[in-house]
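Take a look at the structure set out below.
Chain letters run A, B, ... following the sequence lines, proteins first and then strands; every chain starts at 1. In this text the structure is predicted, and so the values were computed from the model without any measurement.
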Amino acid sequence: AQSVTQLGSHVSVSEGALVLLRCNYSSSVPPYLFWYVQYPNQGLQLLLKYTSAATLVKGINGFEAEFKKSETSFHLTKPSAHMSDAAEYFCAVSDRESNAGGTSYGKLTFGQGTILTVHP
Amino acid sequence: NAGVTQTPKFQVLKTGQSMTLQCAQDMNHEYMSWYRQDPGMGLRLIHYSVGAGITDQGEVPNGYNVSRSTTEDFPLRLLSAAPSQTSVYFCASSLNPVTNEKLFFGSGTQLSVL
């Protein structure tokens, strides 16, 4: 069974500092990996995704993540934090599964979330 | 573009009451799903659908019912509300259920069960 672990439920950085949000996954097959962002009182938005192409994935708002198979990690980084980056971030893994009716679908499993706080 | 629309945004129920959370999407997405979000637990899948007339259970289906009579709509029914169902509920859809490469989320329904 696939699972996702996000290390640190809260991360606090100063404006302009490096942002590093950690995500480790377990999956029996090569996975699709995602980072989603949730701003206060909103739904989740896709930040970036890894789908077995380049291991370094660039997303929106200057974020990027690197897929490291040997470490089963998909950490999210941004060189310089901005106040507007304050939000909750979710790592997710998708594996191909079949339901009882035999229909194949991508089952997403989300991590517990990391709240990013940016101080001026 | 409306995207994924959820109603209501807020709801307070008494234990034992029933209600339906509405979800509609206008993107002709095959895949639709319901998640609940609880502090420290991320998002957990309740039910999902890979097309009209096809639904299946997710990780936490007990106490919830769904149906998918059209491509656009995927309502979630609480049969007899319990305090444990106090949560924020999100509907999400995607174009390709096989990969689910990008989920589009609604803005959520905050439900309190007293």
Does any non-hydrogen side-chain atom of [Y] lie less than 4.5 Å from one of [X]?
X: B:Q25; Y: B:S94; answer: no
X: B:L114; Y: B:V12; answer: yes
X: B:T15; Y: B:V113; answer: yes
X: B:M19; Y: B:Q11; answer: yes
X: A:V19; Y: A:L116; answer: yes
X: B:L95; Y: B:Y31; answer: no

*Do B:V4 and B:M27 pass the side chain to side chain contact (heavy atoms under 4.5 Å, CB included) test, and can you show the C-alpha distance, the side-chain angles, and the key distance before you say yes or no?*
CA-CA 8 Å; B:V4 180; B:M27 298 173 283; 3.6 Å; yes

Are [X] and [Y] linked by a side-chain donor-acceptor pair shorter than 3.5 Å?
X: A:S3; Y: A:S26; answer: yes
X: A:R22; Y: A:T5; answer: no
X: A:T114; Y: A:Q6; answer: yes
X: A:S12; Y: A:H119; answer: yes

*If every non-hydrogen atom of B:R68 is compared with every non-hydrogen atom of B:G51, which pair is closest and at what distance?*
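B:R68 and B:G51 have their closest heavy atoms at NH1-N, 3.5 Å.
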
*Among A:F34, A:Y50, A:W35, whose ring pair (Phe, Tyr, Trp, His ring centres under 6.0 Å) with A:F67 holds?*
A:Y50

*Does B:G3 offer a backbone N or O that forms a donor-acceptor pair with the side chain of B:D26 under 3.5 Å?*
yes

*asked:* Any side-chain to backbone donor/acceptor pair from B:H47 onto B:Y64? Under 3.5 Å, distance only.
replied: yes

*Could you list which of residues 80-93 of chain A have a heavy atom closer than 4.5 Å to any heavy atom of chain B, in residue-number order?*
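Residues A:E88, A:F90 are the ones that qualify, each having a heavy atom under 4.5 Å from chain B.
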
How about [range] versus chain A: which residues have heavy atoms under 4.5 Å apart?
range: residues 104-111 of chain B; result: B:F105, B:G106, B:S107
range: residues 33-45 of chain B; result: B:Y35, B:Q37, B:G40, B:M41, B:G42, B:L43
range: residues 82-92 of chain B; result: B:F90

*asked:* Looking only at heavy atoms and a cut-off of under 4.5 Å, which of A:T51, A:L46, A:I115 has the most pairs with chain B?
replied: A:L46

*Test log, rule side chain to side chain contact (heavy atoms under 4.5 Å, CB included), inputs A:V37 and A:L44*: CA-CA 5 Å; A:V37 60; A:L44 280 70; over 6 Å; no

*So which part of A:S9 gets closer than 4.5 Å to some heavy atom of chain B, the side chain, the backbone, both or neither?*
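Contact with chain B: none, neither part.
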
*Under the side chain to side chain contact (heavy atoms under 4.5 Å, CB included) criterion, do A:L47 and A:I60 qualify, and how do the steps go?*
CA-CA 6 Å; A:L47 201 55; A:I60 61 173; 3.5 Å; yes

